[in-house]
J.: 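So that we are looking at the same thing, I have put the structure below in structure tokens.
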There are 4 protein chains.
Amino acid sequence: MVEPERQRDAVRTRAELLAVATEVFSESGYSGARVDEIAERTRTTKRMIYYYFGGKEGLYLAVLEEAYRGIREAERGLDVGELGPLEAMRRLAETTYDHHVAHQDFIRLVAIENIHRGEHMRRIESLRDLGQPAMSLVDEVLARGRDEGVFRADVEAFDVHLVISAYCVFQVANQYTFGHLFGRDLAAPENAAHLRGLIGDVVVSWLTRR
Amino acid sequence: MVEPERQRDAVRTRAELLAVATEVFSESGYSGARVDEIAERTRTTKRMIYYYFGGKEGLYLAVLEEAYRGIREAERGLDVGELGPLEAMRRLAETTYDHHVAHQDFIRLVAIENIHRGEHMRRIESLRDLGQPAMSLVDEVLARGRDEGVFRADVEAFDVHLVISAYCVFQVANQYTFGHLFGRDLAAPENAAHLRGLIGDVVVSWLTRR
Amino acid sequence: MVEPERQRDAVRTRAELLAVATEVFSESGYSGARVDEIAERTRTTKRMIYYYFGGKEGLYLAVLEEAYRGIREAERGLDVGELGPLEAMRRLAETTYDHHVAHQDFIRLVAIENIHRGEHMRRIESLRDLGQPAMSLVDEVLARGRDEGVFRADVEAFDVHLVISAYCVFQVANQYTFGHLFGRDLAAPENAAHLRGLIGDVVVSWLTRR
Amino acid sequence: MVEPERQRDAVRTRAELLAVATEVFSESGYSGARVDEIAERTRTTKRMIYYYFGGKEGLYLAVLEEAYRGIREAERGLDVGELGPLEAMRRLAETTYDHHVAHQDFIRLVAIENIHRGEHMRRIESLRDLGQPAMSLVDEVLARGRDEGVFRADVEAFDVHLVISAYCVFQVANQYTFGHLFGRDLAAPENAAHLRGLIGDVVVSWLTRR
DNA sequence: GATGAATGAGCTTTCATTCAT
DNA sequence: GATGAATGAAAGCTCATTCAT
């Protein structure tokens, strides 16, 4: 089934605007991003931003929604089914690490949204409780480990997810200031394996009861 | 020896601008902050920003430098000398938590600076390797624990500091998005004790792991 | 083939800005000219200066380029083909005089540009060696006179052009100070004929010197 | 007779301001010159400009007056008494040339004043008819030449002075634009002798013409 | 005479947005 | 659906000048 030319162009134009806007907002923040710059990096004109998204804010909202949607999609790919709970939890933490390293634009957008105290996000219905799926996976592995007696029983899935997220987000989001303060480059390839293993270690040590 | 009125006023004017600017930049980011708004919240005029700081960017640099200086000063107050290494480490992690909760403006500034990829920070000489003092304390406690045989020997002070910082920063910096995604308020008083104890637990479990 | 309304307006808007800017820069110099004043004398707004010329300096560059282009165009109209070399040279000098009197705005712009040590001019590619055409005409008349034995052979076209230009430019550019110092009005109609004849005399006497 | 300290300092301060202001106005024009810059290049402060000269304009007026006074002083040094009228006239033209090359700041100030249509100059009483002395010398030489039958009788001193001034001023004042247009550097040492001799030639040829 | 602090008015420039076709 | 031209409001910044001591 083929869409008519016009419509396909419309879809393409919209998608291109969204992709470029994601880049620009992520690079410069909401206030720092320039509508002109977004348009210029596109094959369309500024006018289309108003046509499709109503304005700068509408475009930003669309970028935010799309970005979270994409991340959730990516999270669905995560699978630790065949591993024992201990290895599964380590895999989960380390894969989360990889995932964050691979989606720095998204993490920047989230930081920007936090600067704005989440006020835009709160207006996007589809983002409500979007965290659940990711946490369910943690919960499942945690429960398995608890049942098998390898994990302590007094830790919630939320806590585990918080500790993993904090580490993974921080190491991307704060790489510039933290790196500068300690004279280390968190993004350097030679540090990657160590930093990746670290969060696995931390979480597994923490959860493994004696 | 008393300073002349005029000069004292100058110091006050400069300090007031700096204080207000810290608030405004922290609230709105670099691009979002308005020079006019900063001035309006002050007893002086916009003109003085240019007189004392050369411009918006100069003011932001001064804010950043002053903020880091203040934090370092506060860190100096940390003392865990009389505690055993295990309790000292827990105290260190939890005090760091308190400290971050108490200085949200600073954490927001750091997030803003990371959005700008640390480009301003890099131009402030006094911030080079400013992290050392904080890390030395971790190092000292870690060494004591290692010597006493209670801490594992394969973990560096940098790693410990990274894990603690990540947790403490994240839970302030990302409170809006993370809270919204999971329907929990990280800043709610009833969660404070739990969140505070958590990082202590994590670090101690990790380091005491054989 | 008719251009669309909109586009024709754009051309008109741009041209109007250029014309008014020529006046204002010529009246007040580069620093003395006010972007606001230029806009006010126009049917458009200040914003259009930035839209079409990028800023005050871009506008000034456009004014300079256009002014030189206009002058060169006017110089093309000069024709002394049928006159003998002696009369041709006199005509050339005196027509140059007329020409300068008729384009005082241009001469003022040139004076302004010299105050700035030609720094803007140097950045306009189209002005490089723009003087050649004017000098070629002098060269041709000079050569004819030399061949016919009425002009001395040891004078270059450049020298002749320099002497003529100096006189014609000075008498416009320095009319205010020179006039005041000697209590004479170089622009007074009753002096015009004498001042015009003078440069013809000077050049012809000089070149026919045995 | 020794002046009291205080007074001598006052004289020195005033003189220093005047000297620096001459430079700055000459470099940047009236509007382009910055009161702050003038003060900064001085050992005094901005306040002194207001104390001694009343403001920017007063300072500019003082600069203008002082500059003309200095030039007139220099002109007094001119002496062609023992030469024959022909050689005297050539010497006069060529010395005027030297004089202009040596006082480029002054010529720039004059150009600036002409941009402002001489409006400041007109308010300085001491500059009225300041040109007379310079012209008297021309007049005297011209008269001698006329009496001896070597100079034509139909040329006024004013005309001669105009031709000489035009050439000498132009070649300094318009050096940047003229030089660029023709790809020649009027200020290059290797051109000096030729350009200097030129005006002598022109004037002498013109005046000896029968 | 001198000084550092302060200032209002106005300058150039930028921005998201809308209009006319 | 699309486009180039246009715009008002407000932003950051600069200037000559004056004040308080």
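Chain A is the first sequence line, chain B the second, and so forth, proteins listed ahead of strands; every chain is numbered from 1.
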J.: Going by the ring-ring contact (aromatic ring centres under 6.0 Å, His included) test, which pairs reach into residues 35-57 of chain D, not counting sequence neighbours?
T.: none

J.: Are any of the side-chain heavy atoms of B:K56 and B:R34 separated by less than 4.5 Å?
T.: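 Yes - at least one pair of side-chain heavy atoms lies under 4.5 Å apart.
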
J.: When all nucleic acid strands are considered with a 4.0 Å heavy-atom cut-off, which category describes C:Y52: base, sugar-phosphate, or nothing?
T.: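 Sugar-phosphate contact only - C:Y52 comes under 4.0 Å of backbone atoms but never of a base.
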
J.: Could I get the full list of side-chain hydrogen bond (donor to acceptor under 3.5 Å, both in side chains) partners for B:R122, not counting sequence neighbours?
T.: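 Testing B:R122 for side-chain hydrogen bond (donor to acceptor under 3.5 Å, both in side chains), a comparison that skips the adjacent residues, returns none.
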
J.: Between F:dA20 and E:dG1, how far apart are the two P atoms, rounded to whole Å?
T.: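 Here F:dA20 and E:dG1 have their P atoms 23 Å from each other.
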
J.: Nearest whole Å is fine: how far is E:dA16 C1' from A:E40 CD?
T.: 14 Å

J.: Using salt bridge (Lys or Arg N to Asp or Glu O under 4.0 Å) as the criterion, list what pairs up with A:R43, not counting sequence neighbours.
T.: A:E16

J.: Atom CZ of B:R12 to atom C1' of E:dG4: distance rounded to whole Å?
T.: 16 Å

J.: What is the distance, to the nearest angstrom, from the CZ atom on B:R14 to the P atom on E:dA6?
T.: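 Going from CZ in B:R14 over to P in E:dA6 covers 12 Å.
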
J.: In whole Å, what is the span from the CD1 atom of B:I49 to the C1' atom of E:dG8?
T.: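 Going from B:I49 (CD1) to E:dG8 (C1'), I get 15 Å.
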
J.: For B:E37, give me all partners under salt bridge (Lys or Arg N to Asp or Glu O under 4.0 Å), at least two apart in sequence or on another chain.
T.: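 With neighbours one apart ignored, the set is B:R41.
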
J.: Rounded off to whole Å, could you give me the OH-to-P distance for the A:Y60 and E:dA16 pair?
T.: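 Going from OH in A:Y60 over to P in E:dA16 covers 15 Å.
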
J.: Which residues pass the side-chain hydrogen bond (donor to acceptor under 3.5 Å, both in side chains) test with A:T42, not counting sequence neighbours?
T.: none

J.: Go through the structure and list residues passing side-chain hydrogen bond (donor to acceptor under 3.5 Å, both in side chains) with B:T177, not counting sequence neighbours.
T.: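 Counting only residues at least two positions away or on another chain, B:T177 forms a side-chain hydrogen bond (donor to acceptor under 3.5 Å, both in side chains) with A:N114.
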
J.: Parallel, tilted or perpendicular, judged at 30° and 60°: which one describes the rings of A:H116 and A:Y30?
T.: perpendicular

J.: For C:E16 and F:dA5, what is the distance between atoms CD and P respectively, to the nearest whole Å?
T.: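 Rounding to the nearest Å, CD of C:E16 and P of F:dA5 are 16 Å apart.
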
J.: For A:H180, what residues pass the ring pair (Phe, Tyr, Trp, His ring centres under 6.0 Å) criterion, not counting sequence neighbours?
T.: none

J.: How does protein contact run along nucleotides 7-13 of chain F, one letter per nucleotide 5' to 3', with B for base contact, S for sugar-phosphate only, - for none, heavy atoms under 4.0 Å?
T.: BB--SBB

J.: How does DNA chain E look in dot-bracket notation if pairs are Watson-Crick or G-U with both distances under 3.5 Å, crossing ones as [ ], other-strand ones as |?
T.: .||||||||||||||||||||

